[in-house]
There are 2 protein chains.
Amino acid sequence: MDQISNISQLFAAQKYKLTPQREAIVNILLDNEKDHLSVEEVYMLVKLSYPHLGLATVYRTLELLCELHIVEKMNFGDGVARYDLRGNDHSHMHHHLICSVCGRLEEIKDDWLVELEERVEREYGFNVTDHRLDFKGTYGTCKRTGCKKEKANKAVS
Amino acid sequence: MDQISNISQLFAAQKYKLTPQREAIVNILLDNEKDHLSVEEVYMLVKLSYPHLGLATVYRTLELLCELHIVEKMNFGDGVARYDLRGNDHSHMHHHLICSVCGRLEEIKDDWLVELEERVEREYGFNVTDHRLDFKGTYGTCKRTGCKKEKANKAVS
DNA sequence: GATTATATCGTAACGATTACTATTTAAGTT
DNA sequence: AACTTAAATAGTAATCGTTACGATATAATC
């Protein structure tokens with residue numbers, strides 16, 4: 001099933017309406033799946049296809065998408081909330097690599113934490129429902145300031 | 001060596017002064033090592049022993065401590081920055097368990113990620129300098145709303 | 001002791017987010 | 001189809017954490 005009708009069903013299941021505004025916002029997120037957009041960035045992009053849309057609606061819609069576990073609200077330390085589309089199973093968040101030279105943010109979509117979660121359960125009596133794993137560091141190719149240009153676009157942490 | 005003289009040396013090494021205000025703030029952090037205090041909380045606590053201290057000084061000092069890698073600035077999703085004392089080796093941040101029933105925040109001080117960091121290096125050509133690992137979930141003892149009282153104190157995420 | 005740099009204080013300014021009121025749109029009812 | 005009720009949007013004002021700024025105080029240097 002394609003993403004948008006999948007999401008549409010999630011809305012319906014909770015008696016939420018997939019209004020044109022909400023659909024426009026979801027499409028922006030799908031079109032920029034690789035990025036971690038801020039509210040302001042979503043707002044700018046969505047205004048291209050839906051000029052009349054208000055900022056408050058973006059905030060409300062992203063909050064709703066969060067509640068439905070379609071996106072994850074994250075904070076990478078740059079003062080704005082960023083939103084990350086969850087996978088189709090909506091189970092866990094992916095892991096992140098954050099380059100401190102160029103600011104690039106890459107995702108690891110596998111779940112590397114299965115074993116550690118079992119260990120947490122065993123040793124701490126703690127049942128894990130979600131996790132967050134970020135690595136900060138540098139790409140080998142970035143050590144010689146290879147990709148500083150990107151930094152302006154998405155400064156992170 | 002005790003913590004405060006250790007920190008004192010770190011200040012001196014970078015030609016920063018350990019003023020009475022800064023020392024008062026550091027002591028609050030040491031006295032509440034287990035917690036993850038917000039700026040406002042540090043401000044309230046430090047005012048008990050140093051009533052004249054200003055809020056801006058708290059912000060500046062915590063920023064400085066961050067720069068010296070004595071504390072780590074974190075964001076658990078409740079809208080305020082929180083600060084966590086790093087270990088004595090100042091190498092890596094600890095992992096966190098965040099209970100979604102009671103809001104409790106526990107630390108795992110071991111580093112469970114050595115292997116995964118090697119894997120990141122190998123598979124992604126990414127050299128890790130720091131990491132962040134949070135688990136969200138529930139304690140077995142919390143499943144029956146065992147400790148809701150604490151929630152008011154430190155709502156997280 | 002004069003000079004210069006560093007740190008603090010209090011508050012104003014800023015910026016992201018939330019709250020609020022009026023208006024619009026959709027859904028349900030007779 | 002008109003009426004009623006509920007849900008969603010728009011625009012903006014208010015809130016709140018954080019940062020910036022000018023004035024003052026403290027410490028270091030000569």
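Residue numbering restarts at 1 for every chain, and letters A, B, ... go by the order of the sequence lines.
In this structure, the nucleotide among dT9(D), dT6(C), dT18(D) sitting nearest to the side chain of Val39(B) is dT18(D). For Leu53(A), counting side-chain heavy atoms from C-beta on, the closest listed nucleotide (dA10(D), dA7(C), dT18(D)) is dA10(D). When distances run from any side-chain atom of Tyr59(B) to the nucleotides dT17(C), dT18(D), dC9(C), the shortest one goes to dT18(D). Checked against dT8(C), dG10(C), dA10(D), the side chain of Arg22(B) finds its nearest nucleotide in dT8(C). With distances taken from any side-chain atom of Arg60(B) to the nucleotides dA27(D), dG10(C), dT9(D), the minimum falls on dG10(C). Among the nucleotides dT18(D), dT8(C), dT12(D), the one closest to the side chain of Ala56(A) is dT12(D). In this structure, of dA7(C), dC9(C), dA8(D), it is dA7(C) that holds the atom nearest to the side chain of Lys17(B). Comparing atom distances between the Val80(B) side chain and each of dG17(D), dA27(D), dT8(C) picks out dG17(D) as nearest. The side chain of Ala81(B) lies closest to dT18(D), out of dT9(D), dT18(D), dT8(C). Proximity note for Thr19(B) (side chain, C-beta onward) versus dG11(D), dA7(C), dG10(C): the nearest is dA7(C).
Whole-Å rounding puts the Glu41(B) CD to dG17(D) C1' distance at 13 Å. When the P atom of dT19(D) is taken as reference, atom CD of Glu63(B) falls 7 Å away, rounded to whole Å. As a whole-Å value, the separation of Leu55(A) CG from dA16(C) P is 10 Å. For the pair Leu65(A) CG and dA8(D) P, the interatomic distance rounds to 13 Å; values are reported in whole Å. When the C1' atom of dA8(D) is taken as reference, atom CG of Leu62(A) falls 15 Å away, rounded to whole Å. Taking atom CG on Asn75(A) and atom P on dG17(D), their separation rounds to 15 Å, with Å as the unit. Atom-to-atom, CZ of Phe11(B) to C1' of dA27(D) comes out at 16 Å; the value is rounded to the nearest Å. When the C1' atom of dT8(C) is taken as reference, atom OH of Tyr16(B) falls 16 Å away, rounded to whole Å.
Regarding contacts with the backbone of dA10(D), a side-chain N or O of Gln21(A) is found under 4.0 angstrom from either OP1 or OP2.
A salt bridge between Arg132(B) and Asp84(B) is absent, with no side-chain N of the basic residue lying under 4.0 Å from a carboxylate O of the acidic one.
Of the listed residues (Lys34(B), His94(B), His95(B)), just one forms a side-chain hydrogen bond (donor to acceptor under 3.5 Å, both in side chains) with Glu107(B), and that residue is His94(B).
Judged by the 6.0 Å and 45° rule, Arg82(B) forms no cation-pi pair with Phe76(B).
Within the model, atoms CD of Glu118(B) and CG of Leu113(B) stand 11.5 Å from one another, a figure rounded to the nearest 0.5 Å.
Without hydrogens or angle criteria, Lys47(A) side chain to Leu53(A) main chain gives a donor-acceptor distance under 3.5 Å.
Of the two residues near DNA chain C, Lys15(B) and Gly79(A), the one whose nearest nucleotide lies more 5' is Lys15(B).
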